[in-house]
Engineer: 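One structure, as structure tokens, below. Some questions next.
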Amino acid sequence: VRATSSRFVVDVNRERDDLSKGQGVIITEAWTGEKVLAKELSTEEIESRLKEFYDPFYESLDEFLEKEKKPLFVLDGHSMDSTGSEASGDSGKERPDICIAISNGTASQEIISLFEKEFLSNGYSVEINNPYSGKRGKILHYCSSRDQTQALELEINKRIYMDEETFELKEKNIEKIHSLIANVIKEVQKL
């Protein structure tokens, strides 16, 4: 299940009613604090965006979660800048290659260990719930609240798969990450 719009249109990984300034369901500021909207949206414009993009995403996710066999594992994929920002509380700090976010236990230790071991054994630095814990991540909690469903948020450092200044992709690194994730998924399926 994929979002059909950019996070800068509507962020499906936030609560529908999270209208907080900055990084809410409608992003008003980048992580740097820079304004991203030319003008403040009206209540009607916000609701229109939610109805067009947010609600259909959760309808598709509900449909998926209901029809799939249980137990079910949901992988919520993200990327992160290589250095922290003021808004995220780790300004200027180098970030790990991989962050496994499980908030307060949305996935079993066995699944977490599979991901951690796969990435560590391939030379990547890995941290659990740092710099992101998934605490605000709606998808993680939404999925794991379902019977026999576990969810894990995987944050991949952008420096692994792209040049952050030129945005040039590192195709071989992308293929490697795909392969590592596929390996872990195969192991998760055996559980």
Engineer: How would you list, by chain and number, every residue that makes a side chain to side chain donor-acceptor pair (under 3.5 Å) with Asn122, sequence neighbours excluded?
Structural biologist: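 Asn122 satisfies side chain to side chain donor-acceptor pair (under 3.5 Å) with no other residue.
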Engineer: Taking the side chain as every heavy atom from C-beta outward, state whether Phe73 and Ile185 have any atom pair closer than 4.5 Å.
Structural biologist: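 Side-chain contact under 4.5 Å: yes.
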Engineer: Drop me the distance from Phe119's CZ to Cys99's SG, to the nearest 0.5 angstrom.
Structural biologist: 11.5 Å
Engineer: Do Thr4 and Phe53 touch side chain to side chain, with heavy atoms closer than 4.5 Å?
Structural biologist: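 Yes. Closest side-chain heavy atoms under 4.5 Å.
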Engineer: Check this for me: does any side-chain nitrogen of one of Asp18 and Lys138 sit under 4.0 Å from a carboxylate oxygen of the other?
Structural biologist: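 Lys138 and Asp18: not salt-bridged.
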Engineer: Is the closest basic N to carboxylate O distance between Lys117 and Glu187 below 4.0 Å?
Structural biologist: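 No, no charged N to carboxylate O under 4.0 Å.
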Engineer: Report the C-alpha distance between Glu52 and Ser48 in whole Å, list the side-chain angles of each, state the deciding distance to 0.1 Å, and finish with yes or no for side-chain hydrogen bond (donor to acceptor under 3.5 Å, both in side chains).
Structural biologist: CA-CA 6 Å; Glu52 185 173 350; Ser48 175; 4.8 Å; no
Engineer: Under the side chain to side chain contact (heavy atoms under 4.5 Å, CB included) rule, what do Gln148 and Leu72 come out as? Steps first, then yes or no, please.
Structural biologist: CA-CA 6 Å; Gln148 296 185 50; Leu72 184 62; over 6 Å; no
Engineer: Has Ser145 got a side-chain atom pairing as donor or acceptor with Tyr142's backbone, closer than 3.5 angstrom?
Structural biologist: yes
Engineer: Can you name the nearest heavy-atom pair linking Ser125 to Pro96, along with the distance?
Structural biologist: OG-CA, 3.4 Å
Engineer: Might you work through the side chain to side chain contact (heavy atoms under 4.5 Å, CB included) test for Tyr124 and Ile177, ending with a clear yes or no?
Structural biologist: CA-CA 10 Å; Tyr124 295 100; Ile177 291 292; 3.8 Å; yes
Engineer: With rounding to the nearest 0.5 Å, note down the distance linking CE in Met80 to CD1 in Ile160.
Structural biologist: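 These two atoms lie 7.5 Å from each other.
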Engineer: Check whether Ser60 reaches the backbone of Pro56 with its side chain - one donor and one acceptor, N or O, closer than 3.5 Å.
Structural biologist: yes
Engineer: Got a sec: does the CD of Glu94 have more than 12 other heavy atoms crowding it under 6.0 Å?
Structural biologist: yes
Engineer: Against Asp81, only a single residue in Lys158, Lys93, Arg95 fulfils salt bridge (Lys or Arg N to Asp or Glu O under 4.0 Å); can you say which?
Structural biologist: Lys158
Engineer: Only counting residues at least two apart or in another chain, list the ones meeting side-chain contact (heavy atoms from CB on, under 4.5 Å) with Glu165.
Structural biologist: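 Listed in chain order: Asp163.
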Engineer: In terms of hydrophobic clustering (I, L, V, M, F, W, Y; side-chain heavy atoms under 4.5 Å; direct or indirect links), are Tyr161 and Val184 co-clustered?
Structural biologist: yes
Engineer: Closest heavy-atom contact between Ala3 and Val12?
Structural biologist: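 That would be CB-CG2, 4.1 Å.
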Engineer: Could you see if Phe64 belongs to whatever hydrophobic cluster contains Leu75? Use Ile, Leu, Val, Met, Phe, Trp, Tyr and a side-chain cutoff under 4.5 Å.
Structural biologist: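 Result: no, two separate clusters.
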Engineer: I'd like to know if the side chain of Lys70 and the backbone of Leu65 have a donor-acceptor N/O pair within less than 3.5 Å.
Structural biologist: yes
Engineer: Any donor and acceptor pair, going by atom type alone, linking the side chain of His141 with main-chain N or O of Thr106 inside 3.5 Å?
Structural biologist: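 Checking the backbone N and O of Thr106 against the side chain of His141, no donor-acceptor pair under 3.5 Å is found.
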Engineer: Any non-hydrogen side-chain atom of Asp17 less than 4.5 Å from a side-chain atom of Val25?
Structural biologist: no
Engineer: Are Val10 and Phe57 side-chain neighbours, meaning at least one heavy-atom pair lies under 4.5 Å?
Structural biologist: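 Not in contact.
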Engineer: What I want to find out is whether Asp62 reaches Arg146 closely enough, with some N-O distance under 4.0 Å, to be called a salt bridge.
Structural biologist: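 The answer is yes: the pair qualifies as a salt bridge.
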Engineer: Consider only side-chain heavy atoms of I, L, V, M, F, W and Y, link residues closer than 4.5 Å, and tell whether Val188 and Val74 are in one cluster.
Structural biologist: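 The answer is no; the residues belong to distinct hydrophobic clusters.
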Engineer: Roughly how far apart are Leu50 CG and Ile26 CD1, rounded to 0.5 Å?
Structural biologist: 5.0 Å
Engineer: If hydrophobic clusters are built from ILVMFWY residues whose side chains come within less than 4.5 Å, do Leu180 and Ile112 share one?
Structural biologist: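 Result: yes, single cluster for both.
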Engineer: How far apart are the closest heavy atoms of Gly134 and Ala101, and which atoms are they?
Structural biologist: N-CB, 3.8 Å
Engineer: Side-chain contact, heavy-atom cut-off 4.5 Å: Asp76 with Asn13?
Structural biologist: yes
Engineer: Using a 3.5 Å distance criterion without hydrogens, assess whether the side chain of Asn129 forms a donor-acceptor pair with backbone atoms of Ile102.
Structural biologist: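 Checked: pair present.
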Engineer: Scan Asn173, Ile174, Ile98 and name whichever one has a side-chain contact (heavy atoms from CB on, under 4.5 Å) with Ile156.
Structural biologist: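 Among Asn173, Ile174, Ile98, the one meeting side-chain contact (heavy atoms from CB on, under 4.5 Å) with Ile156 is Ile98.
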Engineer: Keeping Tyr54 on the side-chain end and Arg16 on the backbone end, is there a donor-acceptor pair under 3.5 Å?
Structural biologist: yes
Engineer: If you count heavy atoms of other groups shown closer than 6.0 angstrom to NZ of Lys39, is the number above 12?
Structural biologist: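 Enclosed.
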Engineer: With side chains defined as the heavy atoms from C-beta onward, is the minimum distance between Pro71 and Gln150 less than 4.5 Å?
Structural biologist: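 Not touching, per the 4.5 Å side-chain cut-off.
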Engineer: Find out whether Ser113 and Ser108 are in side-chain contact, i.e. whether some heavy atom of one side chain is under 4.5 Å from a heavy atom of the other.
Structural biologist: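 Of all side-chain heavy-atom pairs linking Ser108 with Ser113, none is under 4.5 Å.
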Engineer: Going by heavy atoms in the side chains, are Leu154 and His78 under 4.5 Å from each other?
Structural biologist: no
Engineer: Say you draw a straight line from CD1 of Ile181 to NZ of Lys176; how long is it, rounded to the nearest 0.5 Å?
Structural biologist: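 So the CD1 of Ile181 and the NZ of Lys176 are separated by 12.5 Å.
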Engineer: Please round to the nearest 0.5 Å and tell me the distance separating atom CD of Glu47 and atom OG of Ser42.
Structural biologist: 10.5 Å
Engineer: Mind listing the closest non-hydrogen atom pair of Ala151 and Ala107 along with its distance?
Structural biologist: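 Shortest heavy-atom contact: O-CB, 3.5 Å.
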Engineer: Between Val9 and Arg49, which heavy-atom pair has the shortest distance, and what is it?
Structural biologist: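 Nearest pair, atom of Val9 first, then Arg49: O-NH1, 2.9 Å.
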Engineer: From Lys21 NZ over to Glu40 CD, what is the distance, rounded to the nearest 0.5 angstrom?
Structural biologist: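 So the gap between those two atoms works out to 9.5 Å.
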Engineer: Please collect all salt bridge (Lys or Arg N to Asp or Glu O under 4.0 Å) contacts where either partner lies in residues 97-109, sequence neighbours excluded, each pair once.
Structural biologist: Asp97-Arg159
Engineer: Check for me, please, whether Leu140 and Val1 land in the same ILVMFWY cluster - side-chain distances under 4.5 Å, paths through other members count.
Structural biologist: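 Different clusters: Leu140 never reaches Val1 through Ile, Leu, Val, Met, Phe, Trp or Tyr contacts under 4.5 Å.
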